[in-house]
Trainee: 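Pasting in a structure now, in structure tokens, and then I'll have a few things to ask.
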Amino acid sequence: SYVKSVSFLCLPLHPSTISSKFADSLNDFKFQCIGDAETDDEMCIAKSLQEFAAVLQNLEDERTRMIENANDVLILPLERFRKEQISAAKDAKKKYDKETEKYCAVLEKHLSLSAKKKEAHLLEADNQVDNVRQHFYEVSLEYVFKVQEVQERKMFDFVEPLLAFLQGLFTYYHHGYELAKDFNHFKTDLTISIQNTRNRFESTRSEVESLMRKMKENPHEHKSVSQHTMEGYLYVQEKRSFVSTWVKYYCTYYRESKKVTMVLFDPKSGGKTGEEESFILKSCTRRKTDSIEKRFCFDVEAVDRPGVITMQALSEEDRRLWMEAMDGREPVGYSFLSLPAPSVAQLDVIGFNVMKKFIYAVETRGIDEQGLYRIAGVNSKIQKLLSLAMDPKTCADVELESPEWEIKTITSAIKHYLRMLPAPLMTYQYQRSFIKAAKMDNPEARVTEVHALVHRLPEKNRQMLELLVKHLANVASHHQQNLMTIANLGVVFGPTLLRPQEETVAAIMDIKFQNIVVEILIEHHERIFRDMPNSSLSNTQLKTPRRRSTDSKTPSCSERPLTLFHTPTHSHKGEKRNSVGNATAADLQHSVSSSANCNSSSSSSSSSSQGRTPRHSLTSNDGDFTGRKARALYACKAEHDSELSFIAGTIFENVHTSREPGWLEGTLDGRTGLIPENYVEFV
């Protein structure tokens with residue numbers, strides 16, 4: 001609609017009328033957010049439309065003529081975007097709707113086949129459904145990725161023409177110069193936001209295309225059962241008035257709590273509708289074909305409801321996945337779950353020495369080289385360098401000053417080493433927590449939360465992260481020469497340091513927030529790694545939700561406060577914990593020279609790690625809490641029978657250490673159970 005409003009600019013209407021219509025159109029337009037939150041850059045871009053509208057309103061009384069080149073800089077790009085992108089998305093939608101209708105019809109017919117049919121007939125029907133399903137799968141993927149591409153492109157293909165149009169206004173109108181000066185600050189921020197959004201889009205798009213290819217080539221690998229949940233459509237047998245019917249539900253199974261949820265599927269609207277039903281799984285048993293007419297069936301029993309619930313999966317493979325997730329009886333003896341590939345990189349003495357050696361070479365030889373870390377080296381040279389540098393027998397012979405090793409080879413080796421680790425440097429455990437921190441609305445709360453999370457990382461991970469981030473901050477300080485700003489480094493290292501455990505479209509949507517976490521680390525590296533987190537900050541301030549994020553909920557015992565531990569009182573221990581990564585180029589040189597003997601014992605490093613003061617406020621020096629009382633600082637809802645639920649202010653009796661790390665054991669109202677250690681304080 002706003003494209004049509006822009007077209008009125010070419011008509012000989014009264015300037016005030018034109019401006020008002022255009023400003024109103026801009027004010028009414030809203031960007032749609034894919035995901036549960038927006039980055040600062042996206043929020044700036046969304047806000048830009050209102051800013052543009054205000055500028056146009058200020059010019060209403062002063063306009064004497066319209067811009068001569070509005071058609072070239074504004075209308076044509078928007079028309080081109082509408083024709084090339086939006087029209088393509090609409091065509092993909094039509095194709096998707098047609099294939100959906102076809103697939104549902106074939107599937108309904110297939111599932112209605114009697115099991116008493118001849119085996120050859122059933123096999124032919126299975127093959128037909130598989131072909132239709134595969135085609136529907138590909139069409140669905142293409143439609144989803146096209147919609148995602150259009151929505152992301154709007155962020156810059158829609159705003160950039162407007163920015164060019166406004167810039168032209170400043171040169172044509174009598175008061176343009178003064179207005180341009182007032183607008184200049186926001187324009188600068190917006191230009192940076194557009195560029196950052198474009199960079200993130202380009203990095204995300206390559207990941208999306210790569211994932212789409214993987215999903216097309218090996219669909220089974222991306223249908224594997226998660227260690228936590230299983231979800232999908234199931235037909236549930238419901239008996240009513242001596243007649244049994246099969247009703248389609250969207251079901252989700254949470255393996256840890258054994259909770260099954262079902263939401264009724266409405267075929268008319270094509271989506272989930274109605275209230276959610278749930279029950280606790282007791283058992284799951286495969287249903288034999290000779291005991292029921294339908295195929296792919298299995299029976300489940302619930303703890304909190306009587307009787308047996310018969311469910312029908314969409315295929316034999318789908319039933320196998322549900323059975324494996326629910327620990328069903330008579331499971332299939334094979335699994336498509338792939339084992340993680342063995343990793344050769346470790347956070348050991350050799351790993352630290354190699355990283356220090358590489359970083360020293362980059363900072364002394366090529367800190368000003370353009371495209372540092374963005375330009376990739378030759379893969380064969382990277383592999384050769386890593387194999388030599390990480391081999392205790394040859395590491396001392398590697399001379400990084402040699403012309404043989406280009407800077408791009410060394411920087412690529414650093415990135416490759418980090419990808420070779422068994423888990424990302426910032427760990428799978430805290431990956432979601434870092435993403436949530438980046439989505440917070442308050443910038444200071446983001447930094448505080450990331451600060452706290454960094455100090456919850458394992459000691460070696462934190463030390464390696466500190467070493468890397470201080471180096472990246474040094475690289476960013478030379479951005480005028482190497483063109484690698486903090487935002488550019490975030491794009492390069494975000495997916496490496498915070499890669500998700502599972503490659504899904506949802507995880508790819510969070511790449512831009514991974515980049516933001518790395519930007520925060522680089523920009524505030526001195527505060528984050530030099531100081532311990534401030535435990536006095538209110539939990540409410542730190543948990544401020546980001547705009548468009550999901551509503552907050554009562555924290556469970558597994559979602560412990562991230563900044564409730566206290567800074568160790570002994571300053572020399574804090575200094576010891578911050579020793580790694582504080583090296584300048586000179587310090588790195590000393591480390592490199594001392595690492596010539598790559599087989600040196602790691603006892604000093606181990607002792608430093610073992611000897612550091614625990615960071616939880618409840619952990620005393622002697623570790624003896626037996627028989628003491630404790631008060632709850634925050635409310636907690638138990639997720640297991642072994643845990644206690646309580647509200648803030650609750651007093652626990654006979655509190656003592658448990659065998660579970662990070663948990664205490666105490667008594668409340670005569671019942672003994674586990675309590676999160678950093679949810680309480682001793683009285």
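Each residue takes its place number in the sequence, starting with 1. Just so you know, these numbers use all the heavy atoms, side chains as well, and skip hydrogens, waters and symmetry mates.
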Trainee: Identify the two heavy atoms, one from Leu664 and one from Val655, that lie closest to each other, and give their separation to 0.1 Å.
Mentor: CD1-CG1, 3.8 Å

Trainee: Within the 4.5 Å heavy-atom criterion, are Val680 and Leu633 side-chain neighbours or not?
Mentor: no

Trainee: Do Met230 and Leu321 have side chains that approach each other closer than 4.5 Å (heavy atoms only, starting at C-beta)?
Mentor: yes

Trainee: Leu425 versus Thr496: any side-chain heavy-atom pair under 4.5 Å?
Mentor: no

Trainee: Residues in side chain to side chain contact (heavy atoms under 4.5 Å, CB included) with Lys248, at least two apart?
Mentor: Tyr233, Tyr235, Phe265

Trainee: Is a side-chain donor or acceptor of Asp318 paired with a backbone partner of Leu314 at a separation under 3.5 angstrom?
Mentor: yes

Trainee: Test of understanding: with salt bridge (charged side-chain N to carboxylate O under 4.0 Å, His left out), list the residues that count as partners of Asp299, not counting sequence neighbours.
Mentor: Arg287

Trainee: Between Glu449 and Lys436, does at least one N-O distance fall below 4.0 Å, as a salt bridge requires?
Mentor: no

Trainee: With sequence neighbours excluded, tell me which residues meet ring-ring contact (aromatic ring centres under 6.0 Å, His included) with Tyr417.
Mentor: none

Trainee: Taking Arg527 first and then Glu444, would you say they form a salt bridge - that is, a charged N and a carboxylate O separated by under 4.0 Å?
Mentor: yes

Trainee: Taking side chain to side chain contact (heavy atoms under 4.5 Å, CB included) as the test, write out the residues that go with Lys259, two or more places apart.
Mentor: Tyr254, Ser257, Thr261, Ser278, Ile280

Trainee: Quick one: pull up SG in Cys284 and CE in Met323 and give me the separation to the nearest 0.5 Å.
Mentor: 4.5 Å

Trainee: Using the side chain to side chain donor-acceptor pair (under 3.5 Å) criterion, which residues pair with Gln514? Sequence neighbours excluded.
Mentor: none

Trainee: Are the side chain of His525 and the backbone N or O of Ile522 linked by a donor-acceptor pair below 3.5 Å?
Mentor: yes

Trainee: Looking only at non-hydrogen atoms, find the nearest pair between Ser193 and Ile45 and report the distance.
Mentor: O-CD1, 4.0 Å

Trainee: List in chain and number order the residues that pass salt bridge (charged side-chain N to carboxylate O under 4.0 Å, His left out) with Asp327, two or more places apart in sequence or in another chain; answer none if no residue qualifies.
Mentor: Arg255

Trainee: Any side-chain heavy atom of Leu668 within less than 4.5 Å of one from Glu653?
Mentor: no

Trainee: Which heavy atom of Lys629 sits nearest to which heavy atom of Phe682, and what is that distance?
Mentor: O-CD2, 3.1 Å

Trainee: I'd like to check the salt bridge (charged side-chain N to carboxylate O under 4.0 Å, His left out) partners of Arg499; sequence neighbours left out, ordered by chain and number.
Mentor: none

Trainee: Looking only at heavy atoms, what is the nearest atom pair of Ile511 and Pro495, with distance?
Mentor: CG2-CG, 4.0 Å

Trainee: Contact between Trp322 and Met311 at the side-chain level, heavy atoms closer than 4.5 Å - yes or no?
Mentor: no

Trainee: Mark yes when over 12 heavy atoms from residues, nucleotides or ligands other than Asp304 sit less than 6.0 Å from its CG; otherwise mark no.
Mentor: yes

Trainee: To check you understand the geometry: which heavy-atom pair defines the closest contact between Ala302 and Lys282, and what is its length?
Mentor: C-CB, 3.9 Å

Trainee: Ignoring hydrogens and geometry, is there a side-chain-to-backbone donor-acceptor pair from Thr197 to Met155 under 3.5 Å?
Mentor: no

Trainee: What is the distance from atom CD1 of Ile486 to atom CD1 of Ile516, rounded to the nearest 0.5 Å?
Mentor: 13.0 Å

Trainee: For Met43 and Asp441: C-alpha separation, side-chain torsions, deciding distance, then whether side chain to side chain contact (heavy atoms under 4.5 Å, CB included) applies.
Mentor: CA-CA 10 Å; Met43 292 171 65; Asp441 194 35; 3.8 Å; yes

Trainee: Would you verify whether the NZ or CZ of Arg319 falls within 45 degrees of the ring axis of Phe296 while also being under 6.0 Å from that six-membered ring's centre?
Mentor: no

Trainee: Between Asn515 and Asn196, is any pair of side-chain heavy atoms under 4.5 Å apart?
Mentor: no

Trainee: Of all residues at least two apart in sequence or in a different chain, which pass the ring-ring contact (aromatic ring centres under 6.0 Å, His included) check with Phe434?
Mentor: none

Trainee: Using the side chain to side chain contact (heavy atoms under 4.5 Å, CB included) rule, take Val236 and Thr310 through it: C-alpha gap first, then chi angles, then the decisive distance, then the call.
Mentor: CA-CA 6 Å; Val236 179; Thr310 301; over 6 Å; no

Trainee: So, the side chain of His656 versus the backbone of Asn654: is there a donor-acceptor pair under 3.5 Å, distance only?
Mentor: yes

Trainee: Charged N to carboxylate O under 4.0 angstrom, Lys470 versus Glu466?
Mentor: no

Trainee: With a 4.5 Å limit on heavy-atom distance, are the side chains of Leu498 and Tyr430 in contact?
Mentor: no

Trainee: Could you list the residues that satisfy salt bridge (charged side-chain N to carboxylate O under 4.0 Å, His left out) with Glu277, not counting sequence neighbours?
Mentor: Arg305

Trainee: When rounded to the nearest 0.5 angstrom, what is the spacing between CD in Glu152 and CD in Glu42?
Mentor: 6.5 Å

Trainee: Could you go through the side chain to side chain contact (heavy atoms under 4.5 Å, CB included) check for Val300 and Thr285 one step at a time?
Mentor: CA-CA 6 Å; Val300 298; Thr285 309; over 6 Å; no

Trainee: What heavy-atom pair brings Val518 and Leu489 nearest, and what distance separates the two atoms?
Mentor: CG1-O, 4.3 Å

Trainee: CG of Asp531 to NE2 of His524: how many Å apart, nearest 0.5 Å?
Mentor: 13.0 Å

Trainee: Taking side chain to side chain donor-acceptor pair (under 3.5 Å) as the test, write out the residues that go with Thr672, two or more places apart.
Mentor: Thr667

Trainee: Report yes or no: does Arg446 contribute a side-chain atom to a donor-acceptor pair with the main-chain N or O of Met440 at less than 3.5 Å?
Mentor: yes

Trainee: For Glu231 and Tyr250, test the side chains for any donor-to-acceptor distance below 3.5 angstrom and give the result as yes or no.
Mentor: yes

Trainee: Applying ring-ring contact (aromatic ring centres under 6.0 Å, His included), can you list everything that pairs with Phe279, at least two apart in sequence or on another chain?
Mentor: none

Trainee: If you round to the nearest 0.5 Å, how far is CD1 of Ile309 from OH of Tyr249?
Mentor: 9.5 Å

Trainee: Go through the structure and list residues passing side chain to side chain donor-acceptor pair (under 3.5 Å) with Glu301, not counting sequence neighbours.
Mentor: Ser283

Trainee: Yes or no on side chain to side chain contact (heavy atoms under 4.5 Å, CB included) for Phe529 and Leu467, after CA distance, side-chain angles and deciding distance?
Mentor: CA-CA 10 Å; Phe529 294 103; Leu467 180 66; over 6 Å; no

Trainee: With side chains defined as the heavy atoms from C-beta onward, is the minimum distance between Met355 and Met464 less than 4.5 Å?
Mentor: yes

